[in-house]
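The block underneath contains the structure these notes are about, expressed in structure tokens.
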Amino acid sequence: MLFIYNLSVRIYYNLIFIFSFFNKKARLWLDGRKNDKLLYVKRSTWFHFASLGEFEQGRPVLEAYRAKKPESVIVITFFSPSGYEIRKNTSLADHVYYLPLDTQKNAARFIETINPEIAIFTKYEYWYHYFNELHERKIPLYVISGIFRPKQVFFNWYGGLHRKILGFVTHFFVQDEASEVLLKTIGISNVLVSGDTRFDRVWQNASSPRRLEFVEQFKAGKPIFIGGSTWPEDEELIAQLIPLYPEWKFIFAPHEVEEGKIARLLKLLPSDETIRYSQIENIEGGIAGFRVLFIDNIGMLSSLYQYGDVAYIGGGFGVGIHNTLEAAAFGLPVIFGPNYQKFKEARDLVERQLGFSIETDTQLTAIVDKMVRHNEYRVEKGIAIKAYVKAHTGATELIMQAIS
């Protein structure tokens with residue numbers, strides 16, 4: 001099985017190499033690993049995040065650890081360019097790298113260079129050689145905000161090697177009891193149900209959000225519908241709402257802001273009423289007169305929600321929805337597409353009628369219409385969804401008590 005795993009890793013690398021000729025993310029993934037210059041440190045704490053979402057999820061623990069042990073050298077690794085390229089200069093770390101490809105040689109070289117006292121992985125990414133190397137060197141390895149589902153490879157007959165990988169973990173801090181039960185079915189009992197650190201992160205963000213003066217100017221006292229992390233299928237639906245509710249304003253913050261996708265979205269929007277964030281400085285007299293604001297950059301969404309009244313979270317017509325909690329922490333009722341089952345908080349919100357899943361434009365209009373025409377209903381949902389987020393905070397404190 002290890003032979004097949006090693007072969008799969010090599011095949012994955014070769015595919016990335018091929019895609020790098022015409023795909024920007026693949027090129028960044030490849031070039032970033034080629035250009036990384038590892039610096040030797042005598043002792044460190046290693047945090048690994050798959051991507052930007054996992055960084056934000058694990059950030060409360062990272063910040064708490066930094067505050068409690070300011071003398072520690074913190075090394076952060078990312079697997080994906082979307083995490084590394086945005087957070088490579090974060091002040092929360094002393095060194096930030098792409099995680100080298102998971103081979104025995106790379107794992108040994110990397111760990112010998114950064115000399116971690118402990119390693120903390122957020123949510124997922126289980127790499128055989130890195131985990132084995134940490135285990136062999138008796139370096140504690142923690143997985144925080146972990147979540148497990150029955151269909152994952154660990155719980156199937158062919159998952160022997162992957163179960164072995166889990167056996168290298170010192171302790172799991174999981175999001176829910178279902179994950180704990182699943183792990184126990186394969187003999188893993190070093191588990192604590194601590195909750196999801198994302199709740200701590202979004203609550204922290206909502207408690208002291210970054211002020212965006214241009215959005216305040218754009219809002220001009222009007223209610224705002226925000227489309228966050230949207231994909232084309234989402235944007236086609238939201239765009240149909242614009243002429244229906246002339247008293248409302250709309251903000252689009254797409255998941256990707258490549259020029260081709262920007263052009264496609266702009267065709268859906270009323271050209272004389274739409275302003276791009278990158279063009280604001282060129283507008284004389286301010287932007288209060290526009291009805292649609294298009295955010296054509298990345299990293300602003302978590303602060304945008306403070307100005308909203310209803311949010312639509314994208315991704316639900318693809319592999320799965322994006323972060324609903326960022327909007328929920330500000331008290332925004334959330335709407336999303338049908339593919340949300342992998343996310344416990346989304347299932348909770350639907351069950352409590354604080355989040356709304358739609359499949360058609362008719363369903364979307366019906367929900368939005370109720371939110372628009374019945375202000376008390378919208379406010380009531382907003383209060384309840386904010387209370388739901390607050391009630392689920394506290395995972396960071398439990399984790400810190402155990403690892404430090």
Side-chain angles (χ1 to χ4, degrees), residues 53 56-61 63-64 145 147 175-176 193-212 215-216 218-219 221-230 238 248-251 253 295 299-316 321-337 340 342-358 364 367-398:
E56 294 300 327
Q57 184 170 25
R59 184 170 180 163
V61 175
E63 290 177 336
S145 292
I147 191 161
Q175 295 183 28
D176 56 22
V193 180
S194 58
D196 188 348
T197 52
R198 281 185 305 160
F199 286 93
D200 296 326
R201 174 57 186 157
V202 299
W203 189 256
Q204 181 186 61
N205 177 65
S207 299
S208 55
R210 175 166 57 109
R211 184 183 177 191
L212 302 174
V215 183
E216 294 175 4
F218 169 76
K219 184 177 177 69
K222 298 287 187 178
I224 293 181
F225 186 104
I226 297 179
S229 298
T230 54
I238 299 172
W248 278 61
K249 293 196 172 188
F250 292 79
I251 295 178
I295 307 298
M300 198 178 293
L301 182 57
S302 62
S303 299
L304 283 172
Y305 287 125
Q306 66 184 296
Y307 301 103
D309 295 271
V310 177
Y312 180 107
I313 310 302
I321 60 172
H322 293 285
N323 193 337
T324 57
L325 294 178
E326 286 182 334
F330 284 106
L332 275 65
V334 290
I335 306 169
F336 39 80
Y340 66 89
K342 290 182 180 179
F343 304 92
K344 182 181 183 300
E345 69 279 2
R347 299 196 305 270
D348 286 348
L349 293 176
V350 170
E351 182 181 327
R352 291 166 171 77
Q353 295 186 342
L354 303 174
F356 305 88
S357 176
I358 57 98
L364 176 60
I367 292 168
V368 173
D369 198 67
K370 192 171 183 179
M371 296 282 182
V372 169
R373 302 191 190 285
H374 302 278
N375 186 60
E376 290 183 2
Y377 174 80
R378 186 176 75 248
V379 171
E380 176 187 319
K381 295 297 181 184
I383 293 171
I385 198 170
K386 191 170 184 177
Y388 165 81
V389 175
K390 187 177 188 301
H392 286 78
T393 59
T396 299
E397 184 177 352
L398 286 173

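Only heavy atoms go into these numbers, but all of them, side chains included; no hydrogens, no water, no symmetry mates. Numbers for residues simply follow the sequence, beginning at 1.
Of the inter-residue distances, the one linking Ile238 atom CD1 with Tyr312 atom OH reads 6.0 Å to the nearest 0.5 angstrom. Put simply, CG on Asp309 and CD1 on Ile224 are 7.0 Å apart, with the number rounded to the nearest 0.5 Å. Residue Phe330 holds its CZ atom at 9.5 Å from CG of Leu304, rounded to the nearest 0.5 Å. The CG atom of Asp176 sits 9.0 Å away from atom CG of Asp348, with the distance rounded to the nearest 0.5 Å. If you take CG on Leu349 and CD1 on Ile385, they are separated by 4.5 Å, rounding to the nearest 0.5 Å.
Judged by distance alone, with hydrogens and angles left aside, the side-chain atoms of Tyr307 form a donor-acceptor pair with the main-chain N or O of Leu212 at under 3.5 Å. A distance-only check finds a donor-acceptor pair linking the side chain of Asn205 to the backbone of Ser302 [under 3.5 Å]. Side chain of Thr197 to main chain of Thr396: no donor-acceptor pair is present (N/O by atom type, distance under 3.5 Å, no hydrogens or angles). Between the side chain of Asp200 and the backbone N or O of Pro60, no donor-acceptor pair lies under 3.5 Å. Under the 3.5 Å distance criterion, the side-chain polar atoms of Glu397 are left unmatched by any main-chain donor or acceptor of Gly394. Under a 3.5 Å cut-off, the side chain of Asp196 and the backbone N or O of Ala395 do not form any donor-acceptor pair.
Classified by interplanar angle (parallel below 30°, tilted 30° to 60°, perpendicular above 60°), the ring pair Tyr388/Phe199 is perpendicular.
Nearest heavy-atom pair, Ala206 versus Pro209, reported as atom, atom and distance to 0.1 Å: O-CD, 3.4 Å. Heavy-atom minimum distance, Leu301 versus Ala253: CD1-CB, 3.8 Å. The shortest non-hydrogen separation linking Met371 to Pro333 is CE-CB, 3.6 Å. For the pair Arg347 and Lys342, the tightest heavy-atom approach, listed with the atom from each and the gap, is NH1-C, 3.8 Å. In this structure, Ala384 and Leu354 approach most closely via the heavy-atom pair CB-CD2, 3.5 Å. Closest approach of Ser229 and His322 over heavy atoms only: O-CD2, 3.2 Å.
In this structure, the side chains of Ile321 and Phe343 come closer than 4.5 Å at one or more pairs of heavy atoms. A heavy-atom distance below 4.5 Å is found between the side chains of Ile335 and Leu364.
Considering only residues two or more places apart in sequence or on other chains, Gln175 meets the side-chain hydrogen bond (donor to acceptor under 3.5 Å, both in side chains) condition with none of them. Checked against side-chain hydrogen bond (donor to acceptor under 3.5 Å, both in side chains), Glu326 has no partners two or more places apart in sequence or in another chain. Evaluation of the side-chain hydrogen bond (donor to acceptor under 3.5 Å, both in side chains) rule for Glu63 yields Arg59, Gln204 as partners, not counting sequence neighbours. Annotation: side-chain hydrogen bond (donor to acceptor under 3.5 Å, both in side chains) contacts of Glu56 (sequence neighbours excluded): Arg87, Arg201. Residues that satisfy the side-chain contact (heavy atoms from CB on, under 4.5 Å) test with Ala311, not counting sequence neighbours, are Tyr305, Ile313, Ala327, Leu332, Val334.
Both the sub-6.0 Å distance and the 45° axial angle are satisfied by Lys249 relative to the ring of Phe218.
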Requested in this report: Would you sort out whether Ile251 and Val215 count as a side-chain contact (heavy atoms from CB on, under 4.5 Å), showing the intermediate values?
Outcome: CA-CA 9 Å; Ile251 295 178; Val215 183; 4.1 Å; yes

Report task. Show the numbers, then the answer: is there a side-chain contact (heavy atoms from CB on, under 4.5 Å) between Arg211 and Gln306? Result -> CA-CA 9 Å; Arg211 184 183 177 191; Gln306 66 184 296; 5.6 Å; no

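Pairs of residues two or more places apart, or lying in two chains, never qualify as salt bridge (Lys or Arg N to Asp or Glu O under 4.0 Å) while including a residue from residues 378-390.
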